[in-house]
Amino acid sequence: MKKITLIKMEGCPYCAAAFKAIDEVKKNYSATEIEIIDENLQPKLAEKFTDYYYVPSMYVDGKKIYEAHPGESYAECLANVKKVFEAAIQ
């Protein structure tokens, strides 16, 4: 499985939804490595990813697969997190 990178911010409700979705989705995948970068606490790591505006944003081997958007529902988030995990196993 390829490495998944998640960029988040503490206190972000969309990030909380993404973590809930990750917990749900990762039950179906083995050996899932997820690097978590907090944009505020680790700005040097986050600045390597220049093609996102909103958090959470998720990458597989450095390629952006998912970026949340304002007003996103949990169902949308869950579907996108599934896409990330699918991309990671290809």
Side-chain angles (χ1 to χ4, degrees):
M1 182 171 258
K2 299 172 188 167
K3 184 173 97 173
I4 297 171
T5 302
L6 167 67
I7 301 176
K8 70 166 195 104
M9 289 177 66
E10 190 66 35
C12 167
Y14 299 106
C15 295
F19 279 106
K20 180 180 174 185
I22 288 167
D23 285 343
E24 188 174 331
V25 171
K26 75 178 181 182
K27 294 174 189 173
N28 298 319
Y29 298 86
S30 60
T32 306
E33 177 190 351
I34 303 176
E35 174 187 31
I36 299 171
I37 299 172
D38 187 301
E39 186 180 76
N40 292 327
L41 299 177
Q42 300 163 295
K44 292 286 186 196
L45 290 175
E47 71 184 19
K48 294 177 184 177
F49 299 89
T50 60
D51 63 341
Y52 79 96
Y53 185 77
Y54 295 109
V55 292
S57 288
M58 296 181 77
Y59 296 78
V60 174
D61 280 351
K63 179 183 176 195
K64 183 172 66 173
I65 306 297
Y66 165 52
E67 180 175 353
H69 62 84
E72 179 177 82
S73 70
Y74 178 72
E76 289 176 287
C77 175
L78 179 61
N80 282 307
V81 168
K82 285 179 183 175
K83 287 179 188 175
V84 170
F85 277 74
E86 285 298 317
I89 63 169
Q90 295 179 0

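Note that the structure is predicted; figures quoted are calculated from it, not measured.
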_I'd like to check the side-chain hydrogen bond (donor to acceptor under 3.5 Å, both in side chains) partners of Gln42; sequence neighbours left out, ordered by chain and number._
none
*asked:* Applying salt bridge (charged side-chain N to carboxylate O under 4.0 Å, His left out), can you list everything that pairs with Glu10, at least two apart in sequence or on another chain?
replied: Lys8
*So, for Lys3 and Glu33, which heavy atoms are closest and what is the spacing to 0.1 Å?*
CD-OE2, 3.4 Å
*In terms of hydrophobic clustering (I, L, V, M, F, W, Y; side-chain heavy atoms under 4.5 Å; direct or indirect links), are Ile7 and Ile36 co-clustered?*
no
*With side-chain contact (heavy atoms from CB on, under 4.5 Å) as the test, would you mind laying out the steps for Ile65 and Met58 before giving the verdict?*
CA-CA 6 Å; Ile65 306 297; Met58 296 181 77; 5.6 Å; no
_With ring-ring contact (aromatic ring centres under 6.0 Å, His included) as the rule and sequence neighbours excluded, what pairs involving residues 45-68 come up?_
Phe49-Tyr59
Can you give each donor-acceptor pair under 3.5 Å made by side-chain atoms of residues 76-87, sequence neighbours left out, with the distance rounded to 0.1 Å?
unit_1, atom_1, unit_2, atom_2, d
Glu76, OE1, Ser73, N, 2.8
Glu76, OE1, Ser73, OG, 3.4
Glu76, OE2, His69, NE2, 3.2
Asn80, ND2, Glu76, O, 3.0
Glu86, OE2, Tyr29, OH, 2.3

*Can you tell me how far NZ of Lys27 sits from CD of Glu24, rounded to the nearest 0.5 angstrom?*
6.5 Å
Under 3.5 Å, side-chain donor or acceptor atoms of residues 12-22 against the rest of the protein: list the pairs with distances, not counting sequence neighbours.
unit_1, atom_1, unit_2, atom_2, d
Tyr14, OH, Gly71, N, 2.8

*Those residues that, when tested against Lys48, pass salt bridge (charged side-chain N to carboxylate O under 4.0 Å, His left out) (two or more places apart)*: none
*Quick one: are Glu35 and Thr5 in side-chain contact, heavy atoms under 4.5 Å?*
yes
*Is there a chain of hydrophobic side chains (I, L, V, M, F, W, Y, each step under 4.5 Å between heavy atoms) that links Val55 to Ile34?*
no
_Applying a strict under-4.5 Å side-chain criterion to I, L, V, M, F, W and Y, I'd like to know whether Leu6 and Met9 cluster together._
no
